[in-house]
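Working notes, beginning with the structure itself.
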Amino acid sequence: MSEEISEIKNSEEKSSVNFIRAVIDADLESGKHKEIQTRFPPEPNGYLHIGHAKSICLNFGLAKIYGGKCNLRFDDTNPEKEDVEYVDSIQDDIRWLGFKPDKVLYASSYFDQLYEWAVELIKKGKAFVCQQTLEEMRRDRGTATGAGKESPWRNRSVEENLELFERMKNGEFNEGEYMLRAKIDMAHPNVLLRDPVMYRIRKVNHHRTGSKWCIYPTYDFTHGQSDAIEGITHSICTLEFEAHRPLYEWFLDAIGIEKKPQQIEFARLNLTNTVMSKRFLKKLVDEKYVSGWDDPRMPTIAGIRRRGYTPESIRDFAERVGVAKRNSTVSLALLEHCVREDLNKKAERFMGVFEPLKVVITNYPDDLTEQFEAVNNPEDENSAKRLVSFSKELYIERKDFMEEPPAKFHRLAPGKEVRLRSAYYITCTEVIKNEDGSIKELHCTYDPATKGGWSSDGRKVKGTIHWVNARNCLKIEARIYENLFEMEDPFEVEEGHDFIENMNKNSLQIVDAYAETNLKNLEIGKQFQFERVGYFCIDKDSTPDHIVVNRIVTLKDSFEKTLK
RNA sequence: UGGGGCAUCGUCAAGCGGUAAGACACCAGAUUUUGGUUCUGGCAUCCGGAGGUUCGAAUCCUUCUGCCCCAGCCA
């Protein structure tokens, strides 16, 4: 092991190492491996979600930590479901997350080799061509407790098997008529080992191999061998493949692979307040509950990215959730914490008012406009400053004024003084009402000696509120997102009901807001903070005349709690 | 009732026979031109239950219970 690597390992965690790293450490120490090779093996049949992100971070992360390599390998053995659209989006997502595959590979590139190996297994008497129907196979597979029954075609001669398999390959049979099966044990307690299918006939075009093949290998006959071909040392997958491991090894042994990759399973990520399975996400898209796979409410990588999450925050999240074998559901609060932490350091601050209440500064000159300097990011010492426009007429947040405030209310109220962030102290002198009694606007006075937002007389002002110049601001569209599901577990429904019924009706609210004009300078995708409100980003639907922002996450709000 | 897994704070998660890390959440306080950030302190006498081994167990043994995965020519 190089010094550099041991340095990384030491600095990174003296504390604890997940169980996969423990295996790798042992393999490196024992000399079983000199270096490690991993892979991320998605099937290009859909969009990646944050659960995949965890796997990506794990596989690529492991390679990085140990100075090894990680491939991206498309597990494209089922042409019926796969499409180039997905191979592109998957690569985009991985790149966005900040990883670069050592190689981009395809299981379909190994079809020739796989075919040869299948022929070898036939010759060894370990595979046979079967012509049972789906129903017959299902019937003969047996049950959990009872053994299965051997196929009547199980004992064909090698010659006959060879000829039939070749004819399968040549397209002489229809789909479903014939298949190649491994000859293992119909009485095996693990049903996966009851003569599993290795090849099936599918007369469809493959997105990479075109019409070259009409027989396609199954996952089980492909995955381990693909790993072996690529020299994968640690083949990391999710828990549901645990029962497949004996099969994975059976094929490798039967073929006679010497350097066997080791399959290691970990628990896939689940998140509260959302659904994660491809099937359910697809339902949300197909039935138009969301605008698409990249709807900012979706837990897809595309959705999360559009929502404004940073790749750094996702990697941090993946690191924090850990790797173990226990089925678990991580709180969405952790994900939100990760973006807040990242964006707090990086995001520039602006002011925006969401529920405007007009304020007239009665002792301010009618036609004067001032420009105040405001710090773009108080968390960053090198942060630049920007100019914010101020006049006699402003908007403040309706919630920042109360006519009859409770004791702990530090904001504006009749007779009370507050600081307008970066501007002046103002005092509310009069509440102007509409005929129906609702508040129309506020009349306030300002103290010219508090320019910039502070006074030299030591006067304490507890509240600081944000504002915009009503005469010079931007009207923008704000998309306020909440969780797709209010309940932590969307599947908590009564018998016969659907998780769809648990959807949060307010998961998207579109509101008009007023923002300082500086927002114009931000490019699409840029994250920022509306002070005292939350983190936002510029959505791709924005045009120069119409800015659309997505709320990524609110700021933490401890005042909300004290109010209750 | 078959096979394969898993059970440690509200949620994740360390721990691998020597007497319960850490993170998120939560609570209390300090600082603050964001009721944000930051900082300080608190938060499992207990590790699914019951037995046992041991000077000593979350860690070993037995047994029970609960949850997850497996009967696609999906991955």
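Here is the naming used below: chain letters follow the sequence lines, and residue numbers restart at 1 for every chain.
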Taking the six-membered ring for Trp, is the centroid-to-centroid distance between A/Tyr425 and A/Trp454 below 6.0 Å?
-> no

Counting side-chain heavy atoms from CB outward, which of B/rC68, B/rC74, B/rG3 is closest to A/Glu43?
-> B/rC74

Counting side-chain heavy atoms from CB outward, which of B/rA25, B/rG5, B/rA75 is closest to A/Ala333?
-> B/rA25

Can you check whether A/Tyr248 and A/His244 have ring centres sitting under 6.0 Å from each other?
-> no

B/rA14 and B/rA7: how far apart are their P atoms, nearest whole angstrom?
-> 9 Å

Would you classify A/Pro378 as touching base, sugar-phosphate or nothing, given that sugar-phosphate means primed atoms plus P, OP1 and OP2, and contacts are heavy atoms under 4.0 Å?
-> base

Which part of the nucleic acid, if any, lies within contact of A/Leu134, taking any heavy atom under 4.0 Å across all strands shown: a base, the sugar-phosphate backbone alone, or nothing?
-> base

Which residue, A/Tyr446, A/Tyr395, A/Trp467, forms the ring-ring contact (aromatic ring centres under 6.0 Å, His included) with A/Phe390?
-> A/Trp467

Across the strands shown, which category fits A/Phe241 at heavy-atom distances under 4.0 angstrom: base, sugar-phosphate, nothing?
-> base

B/rG42: syn or anti, with syn meaning chi within 90° of zero?
-> anti

Mind checking A/Gln132 for me? I need base, sugar-phosphate or nothing, with any heavy atom below 4.0 Å counting as a touch.
-> base

Taking the same atom, P, in B/rC12 and in B/rU1, what whole-Å distance lies between them?
-> 28 Å

With a 6.0 Å cut-off on ring centres, are A/Phe241 and A/Tyr219 close enough?
-> yes

With respect to the side chain of A/Met179, which nucleotide from B/rU34, B/rC73, B/rA23 is positioned closest?
-> B/rC73

Could one point to a donor on the side chain of A/Gln529 or the base of B/rU34 with an acceptor on the other under 3.5 Å away?
-> yes

Distance between the P atoms of B/rG41 and B/rA23, in whole angstroms?
-> 12 Å

What does A/Tyr425 touch in the nucleic acid at a heavy-atom separation under 4.0 angstrom: a base, only the sugar-phosphate, or nothing?
-> nothing

Output yes when at least one side-chain N/O atom of A/Ser558 is less than 4.0 Å from OP1 or OP2 of B/rG36, else no.
-> yes

Touch check for A/Ser331, heavy atoms < 4.0 angstrom, all strands: base, sugar-phosphate only, or nothing?
-> sugar-phosphate

Should we count CD of A/Glu135 as having more than 12 external heavy atoms under 6.0 Å?
-> yes

Kindly say if A/Thr77 contacts the phosphate of B/rA75, meaning a side-chain N or O under 4.0 Å from OP1 or OP2.
-> yes

Base, sugar-phosphate, or nothing for A/Val375, non-hydrogen atoms under 4.0 angstrom?
-> nothing

Pick base, sugar-phosphate or nothing for A/Ser422, based on heavy-atom distances below 4.0 Å to the nucleic acid.
-> base

Whole angstrom value for the distance that separates P of B/rG72 from CG of A/Asp220 = 13 Å

Counting side-chain heavy atoms from C-beta on, which of B/rG72, B/rG2, B/rG4 comes nearest to A/Glu242?
-> B/rG4

Please list, for nucleotides 37-40 of chain B, all pairs of protein and nucleotide N/O atoms separated by less than 3.5 Å.
{"from": "B/rU37", "atom 1": "O2'", "to": "A/Asn344", "atom 2": "ND2", "distance (Å)": "3.0"}
{"from": "B/rU37", "atom 1": "O2'", "to": "A/Glu379", "atom 2": "OE1", "distance (Å)": "3.0"}

Among B/rC70, B/rA75, B/rA71, which is the nearest nucleotide to the side chain of A/Leu192?
-> B/rC70

With heavy atoms under 4.0 Å as the rule, sort A/His188 into base, sugar-phosphate or nothing.
-> nothing

Between B/rU63 and B/rG2 - P atom distance, rounded Å = 14 Å

What nucleic acid atoms does A/Arg320 come within less than 4.0 Å of, heavy atoms only: base, sugar-phosphate, or nothing?
-> sugar-phosphate

Give a yes/no answer on whether the side chain of A/Arg200 brings an N or O atom under 4.0 Å of OP1 or OP2 in B/rA75.
-> yes

Output yes when at least one side-chain N/O atom of A/Arg419 is less than 4.0 Å from OP1 or OP2 of B/rU32, else no.
-> no

For residues A/Phe354 and A/Phe536, establish whether the separation of their ring centroids is below 6.0 Å.
-> yes

A/Glu531 side chain: which of B/rC12, B/rG5, B/rU34 is closest?
-> B/rU34

Will you find, in the side chains of A/Glu85 and A/Tyr47, an N or O donor that is under 3.5 Å from an N or O acceptor?
-> yes

What is the nucleic acid contact for A/Thr133, judged by heavy atoms within less than 4.0 Å: base, sugar-phosphate only, or nothing?
-> base

So, A/Glu265 versus A/Gln263: side-chain donor-acceptor pair below 3.5 Å or not?
-> yes

Taking the six-membered ring for Trp and the single ring otherwise, decide whether the centroids of A/Tyr535 and A/Phe528 are under 6.0 Å apart.
-> no

Complementary nucleotide for B/rC12 - Watson-Crick or wobble, under 3.5 Å | B/rG22

A/His206/A/Phe111 aromatic ring centres below 6.0 Å | yes

In whole angstrom, give me the gap between the C1' atoms of B/rA30 and B/rG36.
-> 16 Å

Under 4.0 angstrom, heavy atoms only, what part of the nucleic acid is A/Arg202 near: base, sugar-phosphate, or nothing?
-> base

Which is true for A/Thr222 with a 4.0 Å heavy-atom rule: it touches a base, it touches only sugar-phosphate, or it touches nothing?
-> nothing

On a whole-Å scale, what distance lies between the P atoms belonging to B/rC9 and B/rA44?
-> 12 Å

Could you tell me which nucleotide pairs with B/rU59 by Watson-Crick or G-U wobble geometry, both distances under 3.5 Å, or answer none if nothing does?
-> none

Nucleotide forming a Watson-Crick or wobble pair with B/rA7, both distances under 3.5 Å = B/rU65

Watson-Crick or G-U counterpart of B/rC74, or none if no pair lies under 3.5 Å | none

On a whole-Å scale, what distance lies between the P atoms belonging to B/rA50 and B/rA57?
-> 15 Å

Looking across every strand, which nucleic acid part, if any, lies under 4.0 Å from A/His410 by heavy atom: base, sugar-phosphate, or nothing?
-> base

Checking B/rC74, B/rC12, B/rG5 against the side chain of A/Thr329 (C-beta onward), the nearest is B/rC12

Hey, is the side chain of A/His337 poking within less than 4.0 Å of OP1 or OP2 on B/rC24, counting only N and O atoms?
-> yes

For B/rC74, take OP1 and OP2 only and decide whether either is under 4.0 Å from a side-chain N or O of A/Arg279.
-> no

Using only side-chain N and O atoms of A/Ser328, determine if any of them is under 4.0 Å from OP1 or OP2 of B/rA13.
-> yes

Residue pairs passing the side chain to side chain donor-acceptor pair (under 3.5 Å) test with at least one member in residues 191-201 of chain A, sequence neighbours excluded, are A/Arg154-A/Asp195

Picking from B/rU34, B/rC73, B/rC12, the nucleotide nearest the side-chain atoms of A/Met137 would be B/rC73

